[in-house]
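The structure under discussion appears below in the form of structure tokens.
Quick caveat: nothing in here was measured; it's all calculated off a predicted structure. Only heavy atoms go into these numbers, but all of them, side chains included; no hydrogens, no water, no symmetry mates.
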Amino acid sequence: MPDVIIPGPEGRLEGRYAPGEESNAPIALICHAHPLGGGNMENHTSVMMYDIFRKRGFATLRFNFRGVGRSQGSYDQGLGELSDAATVLDWVQAYNSNAPFSWVAGHSFGAWVGMQLLMRRPEVGGFISVAPPTNMYDFNFLAPCPASGIIIHGSDDKIVPYDDMERMMSKVRVQKGIVIEREEVPGAGHMFANHLEELEQRIEAYLDRRLPIVFEERKAVRPRR
């Protein structure tokens with residue numbers, strides 16, 4: 001799990017990178033929660049999602065957005081952070097040119113950034129969004145959503161109520177054949193404290209179902225460089 005420093009739009013970006021087990025391993029990018037709310041790549045949810053993909057043999061990268069940890073720059077209302085995510089995805093793709101697809105996973109603010117990224121990058125074959133902040137940011141950019149994925153939300157989320165997420169995401173248009181699953185974790189709050197194990201189980205179960213399909217769908221796809 002080597003530390004990496006990636007040249008970013010506003011200076012260096014700090015990350016943790018695990019190479020894939022095979023030369024044609026898929027890629028996973030992990031985006032952390034809000035930088036001004038204590039979000040960083042060492043948050044429990046970020047590390048847990050990183051470990052899930054790493055153990056599955058993905059070339060896996062988690063990183064700090066600008067202004068967090070050793071990453072240079074300052075918070076940029078999401079615009080700069082989206083640029084950061086695109087830059088680090090470019091970086092990991094450069095080392096994994098045979099990857100059949102990429103995957104994005106994010107928590108809260110990181111889920112919002114990740115879902116914007118997948119709209120711009122056709123090589124993204126799926127997403128995991130944990131507690132997306134639908135009452136804070138506009139998700140109408142999903143028009144239509146080009147990749148299937150799952151949204152996992154806590155029933156006791158006081159920051160982003162489950163019903164708010166459900167109302168927003170139930171209206172999202174998707175491309176033909178695309179499905180956005182939504183699951184509720186009873187008793188979990190926005191940070192999933194004391195519910196990380198169940199969150200992990202939900203993610204693992206989804207990947208067990210979905211990944212074989214994505215491998216088949218994307219086996220001929222190569223990342224854009």
Side-chain angles (χ1 to χ4, degrees), residues 1-8 12-32 41-65 84-107 110-111 113-130 145-150 152 175 177-181 196-197 199-225:
M1 188 174 61
D3 296 347
V4 293
I5 296 296
I6 300 167
R12 66 172 181 261
L13 293 169
E14 176 187 19
R16 301 283 187 277
Y17 174 59
E21 293 182 356
E22 305 291 341
S23 62
N24 61 342
I27 292 165
L29 179 67
I30 315 300
C31 300
H32 66 71
M41 67 178 178
E42 302 299 341
N43 292 151
H44 295 312
T45 50
S46 295
V47 173
M48 179 265 288
M49 291 190 289
Y50 175 91
D51 285 340
I52 284 175
F53 285 100
R54 177 183 58 80
K55 290 174 183 177
R56 286 174 178 265
F58 279 60
T60 309
L61 177 69
R62 70 184 196 267
F63 71 102
N64 279 329
F65 288 121
D84 293 342
T87 297
V88 298
L89 183 56
D90 286 341
W91 182 89
V92 71
Q93 284 180 345
Y95 288 95
N96 296 274
S97 59
N98 291 324
F101 59 87
S102 298
W103 204 281
V104 293
H107 180 205
V113 172
M115 294 179 85
Q116 290 183 81
L117 186 62
L118 74 88
M119 290 297 298
R120 293 159 169 81
R121 304 296 286 264
E123 69 271 26
V124 174
F127 67 89
I128 305 289
S129 288
V130 177
C145 184
S148 294
I150 189 170
I152 306 175
Q175 294 182 8
I178 297 302
V179 177
I180 301 177
E181 298 187 22
L196 277 176
E197 183 175 350
L199 175 60
E200 181 177 5
Q201 291 170 353
R202 301 287 185 105
I203 294 173
E204 294 276 23
Y206 178 74
L207 292 175
D208 285 343
R209 313 194 286 277
R210 183 63 189 158
L211 277 176
I213 298 171
V214 177
F215 272 108
E216 183 63 25
E217 291 175 344
R218 298 285 181 133
K219 61 185 178 181
V221 175
R222 291 294 180 267
R224 186 177 60 190
R225 287 179 249 172

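In this structure, the side chains of Leu211 and Phe101 come closer than 4.5 Å at one or more pairs of heavy atoms. Under the 4.5 Å side-chain criterion, counting only non-hydrogen atoms from C-beta, Leu118 is in contact with Pro146. Residues Arg210 and Glu181 are not in side-chain contact: their nearest non-hydrogen atoms beyond the backbone lie 4.5 Å or more apart.
Thr45 contributes atom OG1, which lies 11.5 Å from atom CD1 of Ile152 (distance to the nearest 0.5 angstrom). Interatomic distance, CG of Leu196 versus CE of Met49, reported as 10.0 Å (0.5 Å rounding). Taking CD1 of Ile52 as the reference point, atom CD1 of Ile203 lies at 4.5 Å (rounded to 0.5 Å). Distance NE2/His44 to CG/Leu199: 12.5 Å, rounded to 0.5 Å. Between the CD1 atom of Ile30 and the CZ atom of Arg54 there is a distance of 11.5 Å, given to the nearest 0.5 Å. The distance from atom CZ of Arg202 to atom CG of Leu207, rounded to the nearest 0.5 Å, is 14.0 Å.
Scored by the salt bridge (charged side-chain N to carboxylate O under 4.0 Å, His left out) test, Glu204 finds Arg56 as partners (sequence neighbours excluded). Glu42 is linked by a salt bridge (charged side-chain N to carboxylate O under 4.0 Å, His left out) to Arg16, Arg62, counting only residues two or more places apart in sequence or in another chain. With sequence neighbours left out, the ring-ring contact (aromatic ring centres under 6.0 Å, His included) criterion links Phe127 to no other residue.
Between Glu123 and the choices Ser102, Pro26, Pro100, the side-chain contact (heavy atoms from CB on, under 4.5 Å) rule is met once, by Ser102. Under the side-chain contact (heavy atoms from CB on, under 4.5 Å) test applied with Leu61, the options Ile27, Ile6, Asn96 reduce to a single match, Ile6. Each of Phe63, Tyr50, Trp91, Phe58 was scored for a ring-ring contact (aromatic ring centres under 6.0 Å, His included) with Tyr17, with one residue passing: Trp91.
Summarising the geometry of Val113 relative to Ala85, their closest heavy-atom pair is CG1-CB, 3.9 Å, with the distance given to 0.1 Å. The two residues Ala99 and Ala25 come nearest to each other via the heavy atoms CB-O, 3.2 Å. Nearest heavy-atom pair, Gly114 versus Val104, reported as atom, atom and distance to 0.1 Å: O-CG2, 3.7 Å. Across all non-hydrogen atoms, the minimal contact from Arg121 to Ala86 is NH1-O, 3.6 Å. Of all the heavy atoms in Arg209 and Pro212, the pair that sits closest is O-CD, 3.8 Å. The two atoms that bring Met41 and Asn64 nearest to each other are N-OD1, 2.8 Å, heavy atoms only.
In terms of modelled atom types and a separation under 3.5 Å, the side chain of Asn24 and the main chain of Asn98 share no donor-acceptor contact. In this structure, Ser148 contributes its side chain and Val179 its backbone to a donor-acceptor pair below 3.5 Å.
Around the CD atom of Gln175, the shell of radius 6.0 Å holds more than 12 heavy atoms that belong to other residues, nucleotides or ligands.
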Between Leu117 and Leu89, is a side chain to side chain contact (heavy atoms under 4.5 Å, CB included) present by the stated rule, with each step listed?
CA-CA 9 Å; Leu117 186 62; Leu89 183 56; 4.0 Å; yes

For Val130 and Ile128, what are the C-alpha separation, side-chain angles and deciding distance, and is it a side chain to side chain contact (heavy atoms under 4.5 Å, CB included)?
CA-CA 7 Å; Val130 177; Ile128 305 289; 4.2 Å; yes

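Taking the six-membered ring for Trp and thresholds of 30 and 60 degrees, Phe53 and Trp103 have ring planes inclined between 30 and 60 degrees apart.
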